[in-house]
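One structure, as structure tokens, below. Some questions next.
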Amino acid sequence: MWSEPKVLFLPRKMRRFLRPGHDPVRERLKRDLFQFNKTVEHGFPHQPSALGYSPCLRLMAIGTRSGAIKLYGAPGVEFMGLHEENNTVVQIHFIPDQCQLVTLLDDNSLHLWSLKQHGGASELREEHRFTLKGPPGSPPSATQITAVLPHSSREVLYLGTESGNIFVVELPSFRVLEDRTITPEAVLQRVPEDYCNRRSCELVEALREHPKNPDQILIGYSRGLIFLWDLAVLCLSLQQLENLHWQRDGSKFVSCHYDGSYTQWPVSSDNRQPEPLENLVPYGPFPCKAISKIYWLPYIIFQGGMPRASYGDRHSISVVHGSQQTAFDFTSRVIDFFIIFSSEPTAEFDDPSAMVVLAEEELVVIDLKTAGWPAVHPPYLASLHCSAITCSHHVSNIPLKLWERIISAGSKQNIHYSNMPWPIDGGTSIAPDPPQRDLLLTGHEDGTVRFWDASGVCLHLLYKLSTVRVFLTDADPNDNMNTLGEDEWPPLRKVGTFDPYSDDPRLGIQKIYLCKYSGYLAVAGTAGQVLVMELNDEDAEHVVDHAEADLLQDQEGYRWKGHEKLKTRDGPVRFEAGFQPFVLVQCQPPAVVTSLALHSEWKLVAFGTSHGFGLFDHQQKRLVFVKCTLHPSDQLALEGPLSRVKSLKKSLRQSFRRIRRSRVSSRKRRGGSGNASEVQEANAKFDQDTLQEMELAPVQRKIEARSAEDSFTGFVRTLYFADTFLRDSSRHCPSLWAGTNGGTVYAFCLRVPPAERRMDEPVRAEQAKEIQLMHRAPVVGILVLDGHSTPLPEPLEVAHDLSKSPDMQGSHQLLVVSEEQFKVFTLPKVSSKLKLKLTALEGCRVRKVTVANFSSCKTDDYSENDLAVLTNLGDIQIISLPFLKLQIRYPCIRKEDVSGIASCVFTKYGQGFYLISPSEFERFSLSTKWLVEPRCIVDMPEVTSNNHVRPNSSSYVGTSGSNSRSDTHGHPTGISFQTFRNVL
């Protein structure tokens, strides 16, 4: 609902002397409108380092190098925590049949985490921390933990160390039970003398509990000694040990080794030193990489083991079942993996249903039940950076018809994925259903655009669009990297989507604009290419029309030194169902497209580069006009981003010139002529006036004018379509506005023929205004307000009854946002009416600005439009419209995080996203009403007397708005989610 606040108008001179007062009504309203929260992280954790899984909770845990721990279950079930030390998480182990887990960090500290109810919702809370200490004078290796075994009794942990000692600690107190310590000496007393003389135990590689007898612990030492504690069963291997795995009935176990072999061993109480049943090097006979982990089931699943000479650089996991064998080849290093079973407790053999693999850059799940072992499409933990993200675009409140068509196009791309339900399904999300359908579009370096469902907690891939088919590149888009020859050995099959290598950096997507009402999409790239597309539900083959836009307009003395344009394919091109390009506009020179605007009602697309901007009629497929904005000094704009970086000398020289100009202009203002006393008097008066001005308006400052000779002044930063009064106050007309890096705003009147003559008459444009801001700061935003001081609606928004018609009776206003100030002009005279200057503290500059609608959380009949502004300091400011009053300010992003600030994108309803790593978006909310965060329930397992688990009570889990950490004394203390984010 649109509301018009009542405003008391005062003469301009009086308003200048009004100090900002405390308005309790407005303060209450602000509390009802604005609230800052960091709510959830989307994407794949940056630098994962450990993986854990609870079969009873059906929850997965991932630890990272920065000390974060993240738990995932069914879609929408998420928990997050952070170790206070920020050390790398090395291992994660769930306590059997409990809502608890233990993490081991690289500083040798152990941490116990619990899921506990708190204030009506549960949180991931760190309960205790512990560091294993040896006797005085002992070396660090004596207590350096290498293996952790949570015992099925849920009362103790077994800790293997580098020295070969195995300590037993009590849970949850972490008290060391010294009388139960297993020393290397105690083990060696039970082994043959000839073995004792040959080697020591060395470090503990693996600890495994007997699946049928919890009193028996299988111990594996790195030198190849395997010992079943309590039975004194000894197995000797000549190869360095990597890992162990029990068969389900406990009659056998398998060991894997550094030389790429695995060995099967029998176990019986009367056989103290059994002979191996089988020893196999699966990819021999040549030297092979180590097998670091193995599962022995009806399936044999192992990590590594590839021939070193030919496949030493591969990251593989092999699955063998009967005559079928596949080596899954991952594009990044495998951190760890686990198997999900669907067997009954009384079954004789394990029944694997899925393999979950955590690689360094993505999570891959393989369906082991379906023939061919296809991958499962993940509902979360998407690899956002499968190709580097180059831009983002958010569209709110997508119409249902467009949403269904996008999903339909995406489903046709996913035919090679398994139909298996997501196997990690612990917990139940109780978060309310999203109030609307939102899309987040990401452009990538490889020329693709990905459409993500950003409506709720899980960022889910709906559809992927590729622009590569339009152009000629070195790679054939029809190439299938997974094709294997019948006799190829090893039987490698590439899996996963992570592929950071681009065939051509010119393919990179730089700007995206989607019209949700018409289904038109415009994307622009690194080499000056602008593609206009429309949605088609079927595959199609057609010719893509081409047009060139010469932004230099044949001006003499300019020579482009950058990259060449992309070569296009001749003749018809076949496109998959989805968004299909029908016209290509190629900018000349082929510089990066820096701004893009699409008006689907007028069938026009505007584009800008560092050389100028142009307007294209995509209905008639005709160029309307181009405007060169290049300044004679803008030589850097002719070099291109891929040729060479800006000269350091030139940058320093310009900085010194700017400083000198600033000093000279200050001296001139203070009275450069006259005697010394006059100068001093003028200086004193100037300082006094400055102080008075600072007192009257503490957030404003003097802005030093920039020179027109500064580089990249012609760089087009923003483009904006508006139907407004540009020539006179009696007639409004379509218009196009452009803002440049040099503080110039261009306005063009457009004549768009009516619908019945749209194809017969050309669109005409004529420049009507040119505004030069005095301080010449880059223009980052342009907005026209109607007679009610409301931003003009989006194209076709009124036609779909989703917005009021703009008021065309009263006078319109033009808001120009530069990096240093906000300025309102009257239209059509373009006379200055109001301005707000940013503070001079720490060099504050506007980086992102958008109009956001804020609704009251107390009543449904009030909402208002404000400006959401992100500065180069990482602060977010909310500024009222049309009076440009600062409402509130929140610290959001660290000012050192330049890439995070550059990647930020706001939504229409007061939310936002920014990259906290190449693979993760942080989601935040500025609104009290629009808040997307996890809320879920996890069933607490009840353990019966025979240790069988059944679901029992429920625990309300995560609002992610409530995580916990411990204080310096180890006592748990709750911290809010936003505090956790700030620590990150």
Side-chain angles (χ1 to χ4, degrees), residues 1-9 20-40 120-121 394-398 431-438 454-457 783 785-794 797-798 801-807 815 822 836 849-870 875-892 905-913 923-933 935 959-962 976-978:
M1 181 173 179
W2 294 265
S3 300
E4 301 173 21
K6 295 181 179 179
V7 180
L8 177 63
F9 288 93
H22 181 76
D23 183 354
V25 176
R26 181 60 189 175
E27 291 302 317
R28 282 197 301 270
L29 183 57
K30 283 161 61 173
R31 287 194 294 269
D32 295 342
L33 293 172
F34 312 123
Q35 181 181 341
F36 179 74
N37 289 287
K38 293 185 178 181
T39 56
V40 67
H394 187 275
V395 187
S396 300
N397 205 8
I398 302 293
D433 292 334
Q436 61 184 30
R437 295 167 294 273
D438 288 353
S455 311
V457 172
L783 182 68
L785 307 176
D786 69 6
H788 290 311
S789 299
T790 301
L792 297 182
E794 297 178 14
E797 191 174 10
V798 175
D801 296 326
L802 295 173
S803 174
K804 280 185 176 181
S805 298
D807 178 20
L815 171 63
F822 302 79
L836 170 67
V849 62
T850 193
V851 176
N853 183 265
F854 293 92
S855 299
S856 171
C857 63
K858 297 290 182 64
T859 176
D860 293 333
D861 59 359
Y862 182 81
S863 68
E864 67 180 41
N865 291 306
D866 297 287
L867 291 176
V869 180
L870 176 69
D875 295 334
I876 292 179
Q877 301 180 15
I878 298 177
I879 297 172
S880 67
L881 285 174
F883 299 108
L884 304 181
K885 299 295 183 183
L886 178 63
Q887 301 300 296
I888 203 158
R889 174 179 174 179
Y890 301 112
C892 180
V905 56
F906 289 107
T907 76
K908 190 178 179 180
Y909 295 99
Q911 296 186 71
F913 302 81
R923 187 179 193 135
F924 62 88
S925 175
L926 305 170
S927 170
T928 57
K929 194 167 184 178
W930 295 87
L931 195 65
V932 175
E933 61 179 358
R935 286 187 62 85
T959 70
S960 292
S962 181
S976 67
F977 189 83
Q978 48 264 38

Measuring from N853:CG to T907:OG1, what's the distance to the nearest 0.5 Å?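 So the gap between those two atoms works out to 10.0 Å.
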Side chains of Q887 and R26: does their closest heavy-atom pair fall under 4.5 Å?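 Yes, at least one pair of side-chain atoms sits under 4.5 Å.
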Supply the atom-to-atom distance I876 CD1 to L926 CG, rounded to the nearest 0.5 angstrom.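 Those atoms lie 5.0 Å apart.
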Carefully, step by step, assess L802 and E797 under the rule side chain to side chain contact (heavy atoms under 4.5 Å, CB included). CA-CA 6 Å; L802 295 173; E797 191 174 10; 4.0 Å; yes
Check whether the side chains of T859 and D861 place a donor and an acceptor atom closer than 3.5 Å, and report yes or no.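 Their side chains do contain a donor-acceptor pair, which is all the 3.5 Å distance test asks for.
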Could you tell me if the side chain of V869 sits less than 4.5 Å from the side chain of I878, heavy atoms only?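 In short, these two side chains do not touch, never coming nearer than 4.5 Å.
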Of all the heavy-atom pairs spanning L33 and F854, show the shortest one and how long it is.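 Of all heavy-atom pairs spanning L33 and F854, the closest is CD2-O, 3.7 Å.
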Are any of the side-chain heavy atoms of D875 and L870 separated by less than 4.5 Å?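 Heavy-atom side-chain distance check fails, nothing below 4.5 Å.
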For the residue pair F906 and F924, categorise the inter-ring angle as parallel (less than 30°), tilted (30 to 60°) or perpendicular (more than 60°).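 Plane angle over 60°, so perpendicular.
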What's the shortest heavy-atom distance between T928 and S855, and which atoms?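 The pair with the smallest heavy-atom distance is OG1-O, 3.9 Å.
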If you look at every heavy atom in P806 and D786, which pair is closest and at what distance?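 Heavy atoms only, the tightest pair is CA-OD2, 3.6 Å.
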Passes side chain to side chain contact (heavy atoms under 4.5 Å, CB included), L29 versus Y862? Steps please. CA-CA 10 Å; L29 183 57; Y862 182 81; 3.7 Å; yes
For A852 and G910, which heavy atoms make the closest approach, and how far apart are they?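 Smallest heavy-atom distance, with atoms named: CB-N, 3.9 Å.
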How long is the span from the CG atom in L783 to the CG atom in L881, to the nearest 0.5 Å?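 Answer for the CG-CG pair, L783 versus L881, is 6.5 Å.
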Atom pair NZ/CD of K929 and Q35 - distance to nearest 0.5 Å: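 It comes to 14.5 Å.
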May I ask you to decide whether D23 forms a salt bridge with K30, counting only side-chain N to carboxylate O separations under 4.0 Å?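 No, this pair does not count.
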Minimum heavy-atom distance Y909-S927, with the two atoms named: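 Heavy atoms of Y909 and S927 come nearest at O-CB, 3.9 Å.
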Donor-acceptor pair, distance only, cut-off 3.5 Å: does the side chain of S880 make one with the backbone of D866?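 It does not hold such a pair.
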Are the side chain of N37 and the backbone N or O of T39 linked by a donor-acceptor pair below 3.5 Å?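 Side chain of N37 to backbone of T39, a donor-acceptor pair under 3.5 Å: no, none is there.
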Taking side-chain contact (heavy atoms from CB on, under 4.5 Å) as the test, write out the residues that go with V932, two or more places apart.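 Residues passing side-chain contact (heavy atoms from CB on, under 4.5 Å) with V932: V457, Q911, R923.
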Charged N to carboxylate O under 4.0 angstrom, E864 versus K885?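 No, E864 and K885 are not salt-bridged.
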Taking atom types as modelled, find out whether Q436 and D438 have a side-chain donor-acceptor pair closer than 3.5 angstrom.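 Yes, side-chain donor-acceptor contact under 3.5 Å.
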Roughly how far apart are F822 CZ and L867 CG, rounded to 0.5 Å?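 Going from CZ on F822 over to CG on L867, the span is 6.0 Å.
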Write down the atom of L785, the atom of P882, and the distance for their closest heavy-atom approach.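 Shortest heavy-atom contact: CD1-CB, 3.7 Å.
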Pair E794 + K908, salt bridge at N-O below 4.0 Å: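 Yes, this pair counts.
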Which value, rounded to the nearest 0.5 Å, describes the distance between C857 atom SG and D32 atom CG?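 Taking SG in C857 and CG in D32, the distance rounds to 4.5 Å.
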